[in-house]
Amino acid sequence: MPTPRNPILRGFNPDPSILRVGEEYFIATSTFEFHPAVRIHHSTNLVDWTVRGHALELDLRGVPDSGGVWAPSLTFADDRFWLAYSIVRTMDGDDKDIDNYLVTSESIDGPWSEPVHLGSRGFDFSFFHDDDGTHWIVGVQWDQRPEHPSFGGLVLEQYLPDERRTSGTAVLIHQEPTLVEGPNLYRIGGWYHLLIAAGGTGWNHAVTAARSRHLLGPYERDPQPFVLTSRDAPGAPLQKAGHGELVQTAQGWMLVHLGSRPTLHLGERYSTLGRETCLQPVVFDDEGWLRLAEGGHHAAIGAGDVQERSWTDDFDGRELDTRRWSTLRAALAGASSQVRPGWLRLRGGHSTASVFDQSMILTRVEEHETDFSAVIDAEPTSTRESAGIIAWYDRAGWIQLQVTWDEEHGRHLRVVSRDGARTVRSDAVTVPEGVLELHAWLRGPELSFGWAGTDGVVRRIDGVYPAWTLSDDHGGRLRFTGMFLGLRADDLDGRGWTADFDRARLRSHG
């Protein structure tokens with residue numbers, strides 16, 4: 001089976017969990033602090049994918065950046081879809097506060113059941129449904145003791161569906177001196193195959209394997225160090241390859257995995273698009289070990305033409321299209337397309353530092369060459385009011401073109417950016433009264449801005465801005481998401497100020 005053009009899911013779509021039901025394929029991906037949670041993708045040919053929707057409406061207010069919903073596991077058993085997921089509520093130092101849950105549904109579109117709490121042992125829990133009808137969860141055992149490795153190994157625990165609980169007893173089935181996570185179990189050819197994410201989710205990421213004749217082990221490590229990795233190929237187009245799952249097709253086995261396409265700044269790599277989802281054909285060799293069908297252990301980019309994609313949202317619908325737009329941590333309060341038909345009205349929210357009630361809608365950046373624009377009608381009358389378009393990574397990394405106000409300039413534009421604890425504001429840009437169209441142009445590691453008034457003439461704002469800072473790889477912090485573009489409104493006095501938006505457009509090439 002040929003390699004599809006990778007990534008098959010472009011932009012921030014990490015930790016893929018793949019499932020085949022009949023002739024349909026589904027992939028669930030991590031959403032972290034973004035709402036709605038657990039993105040569901042659909043295909044009938046493994047090449048053409050659409051966003052089917054999201055599984056979970058969760059209130060994640062208060063979770064840290066890159067916390068929230070990690071590594072969903074999507075399976076099918078007993079005529080139902082099973083979805084396991086972790087919510088990471090804190091991750092400070094040696095401590096992680098994590099809750100694991102299971103929901104089920106007769107349809108991929110829901111409704112999903114009330115969640116069953118699976119405990120707080122660790123994360124990256126996946127379900128394995130054995131041939132004898134038993135159900136098991138395999139995941140990472142977290143060890144908070146500072147003198148012990150934090151990744152304490154991979155553990156297996158039985159789930160009792162009739163009692164809606166786990167057995168309470170976990171068995172350590174695999175441990176290595178280096179970091180292992182993201183486990184998935186399969187029973188193939190008389191073996192229990194354990195697929196493992198190794199080396200962390202950065203440049204050293206990999207897929208490795210172990211196997212056993214018995215579910216509880218002992219598990220024998222693959223004699224080859226990697227099934228898949230890019231750690232020894234820093235110039236390969238797909239980097240950070242790891243965190244894989246298997247799916248059997250009519251033509252053979254496929255391995256879904258995450259990867260990234262970095263951009264370069266001063267010779268350094270930055271994964272501004274986040275971790276994306278890729279697909280590789282695989283086979284089992286004469287000894288029964290999993291291998292890439294094309295040989296070696298490097299992810300193939302596959303065949304396919306460079307594509308240009310574009311869309312426009314006129315905000316004519318009654319509700320926000322959440323297949324395209326995400327919000328932070330919870331559903332967006334105070335947004336409406338009914339107050340002023342054909343416009344989206346955002347009620348200003350908390351500052352960019354908030355983990356509670358920011359007023360912002362965001363769409364994933366899928367290519368290094370992307371144009372974004374939106375029409376805005378906003379009349380701030382205070383330095384505490386602003387609205388505009390934004391390139392967002394997290395609370396410590398964003399670049400915004402905003403309409404704001406001060407005593408010296410009245411209503412004007414500024415580019416404001418945050419990098420860690422440092423905030424920088426450009427000089428004021430004078431603009432006429434009335435509606436404005438704001439523009440952002442992403443070109444690899446650089447971002448630039450412009451605007452147009454009612455005359456339609458687009459004027460570029462001086463300067464280029466460091467889009468490379470909006471990536472997992474900048475700042476020395478644990479960061480696991482990707483770059484978004486979007487619309488936001490701030491009302492730091494909380495007095496009900498609003499801004500209206502129309503005709504959001506995105507065009508990408510890659």
Side-chain angles (χ1 to χ4, degrees), residues 3-16 30 66 151 176-182 195-209 222 224-244 255-282 290-304 306 365-370 393 397 419 442-447 466-483 509-510:
T3 304
R5 180 174 181 264
N6 283 313
I8 57 169
L9 307 180
R10 306 171 84 81
F12 164 54
N13 286 292
D15 309 327
S30 293
S66 289
F151 289 77
E176 295 187 19
T178 56
L179 186 157
V180 289
E181 55 187 331
L195 212 59
I196 304 164
T201 196
W203 306 116
N204 285 331
H205 206 21
V207 173
T208 61
D222 186 346
Q224 294 294 325
F226 309 110
V227 175
L228 173 76
T229 191
S230 53
R231 64 170 63 182
D232 58 345
L238 292 176
Q239 292 293 306
K240 301 183 179 180
H243 199 112
L255 173 71
V256 71
H257 66 93
L258 63 75
S260 72
R261 294 170 292 153
T263 187
L264 293 177
H265 171 70
L266 299 180
E268 296 292 330
R269 297 172 295 175
Y270 295 92
S271 298
T272 51
L273 305 182
R275 296 167 302 150
E276 308 173 284
T277 288
C278 307
L279 199 59
Q280 310 290 335
V282 290
L290 186 69
R291 299 288 180 254
L292 296 182
E294 298 183 8
H297 56 251
H298 295 153
I301 200 79
V306 173
V365 179
E366 297 182 349
E367 304 295 345
H368 293 296
E369 183 176 316
T370 298
Y393 183 91
D419 184 2
L442 176 68
R443 297 295 181 268
E446 296 181 339
L447 186 67
W468 56 270
T469 63
L470 309 182
S471 75
D472 295 358
D473 315 297
H474 172 69
R477 300 180 295 276
L478 287 176
R479 309 174 91 183
F480 303 130
T481 58
M483 192 194 305
H509 183 80

Give the minimum heavy-atom separation between [X] and [Y], together with the two atoms involved.
X	Y	result
Pro262	Pro237	CD-O, 4.2 Å
Gly274	Ser260	O-CB, 3.5 Å
Phe226	Ala206	CD2-CB, 3.6 Å
Leu290	Val227	O-CG2, 3.7 Å

Inset, instruction - Output all residues satisfying salt bridge (charged side-chain N to carboxylate O under 4.0 Å, His left out) with Glu176, sequence neighbours left out; order by chain, then residue number. - result: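 Partners of Glu176 by the salt bridge (charged side-chain N to carboxylate O under 4.0 Å, His left out) criterion, ordered by chain and then number, come out as Arg221.
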
When you measure from the side chain of [X] to the backbone N and O of [Y], does any donor-acceptor pair fall under 3.5 Å?
X	Y	value
Gln280	Ala300	yes
Arg275	Phe480	yes
Arg479	Ser66	no
Thr277	Asn13	yes
Glu276	Gly11	yes
Tyr270	Leu470	no
His205	Gly200	yes
Asp472	Gly482	no

At what distance, to the nearest 0.5 angstrom, does [atom1] of [X] lie from [atom2] of [Y]?
X	Y	atom1	atom2	answer
Leu179	Thr201	CG	OG1	10.0 Å
His243	Leu195	NE2	CG	9.5 Å
Asp232	His298	CG	NE2	3.5 Å
Thr272	Trp468	OG1	CH2	12.0 Å
Leu442	Thr370	CG	OG1	5.5 Å
His257	Leu228	NE2	CG	5.0 Å

Side chain to side chain, [X] and [Y], heavy atoms closer than 4.5 Å:
X	Y	answer
Leu238	Ile301	yes
Leu264	Arg269	yes
Pro16	Leu9	no
Lys240	Asp473	yes
Gln224	Arg291	yes

Inset, instruction - Report the C-alpha separation of Thr3 and Glu294 in whole Å, then their side-chain angles, then the decisive distance to 0.1 Å, and conclude whether the side-chain hydrogen bond (donor to acceptor under 3.5 Å, both in side chains) test is met. - result: CA-CA 9 Å; Thr3 304; Glu294 298 183 8; 2.7 Å; yes

Legend entry - Residues forming a side chain to side chain donor-acceptor pair (under 3.5 Å) with Arg231, sequence neighbours excluded: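 Arg231: no side chain to side chain donor-acceptor pair (under 3.5 Å) contacts found.
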
Inset, instruction - List for me each residue that meets side chain to side chain donor-acceptor pair (under 3.5 Å) alongside Glu367, sequence neighbours excluded, and say none if there are none. - result: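 Residues passing side chain to side chain donor-acceptor pair (under 3.5 Å) with Glu367: Arg10, Arg261, Arg309.
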
Inset, instruction - Kindly write out the residues that satisfy ring pair (Phe, Tyr, Trp, His ring centres under 6.0 Å) with Phe151, not counting sequence neighbours, or none if the list is empty. - result: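 Residues passing ring pair (Phe, Tyr, Trp, His ring centres under 6.0 Å) with Phe151: Phe123, Trp142.
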
Legend entry - Counterpart residues, ring pair (Phe, Tyr, Trp, His ring centres under 6.0 Å), relative to His368 (two or more places apart):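 For His368 there are no ring pair (Phe, Tyr, Trp, His ring centres under 6.0 Å) partners, ignoring immediate neighbours.
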
Inset, instruction - Mark yes when over 12 heavy atoms from residues, nucleotides or ligands other than Leu478 sit less than 6.0 Å from its CG; otherwise mark no. - result: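 Check fails, neighbour count at 12 or below.
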
Legend entry - side chain to side chain contact (heavy atoms under 4.5 Å, CB included) against Thr469, all qualifying residues, sequence neighbours excluded: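 With neighbours one apart ignored, the set is Asp419, Pro466, His474.
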
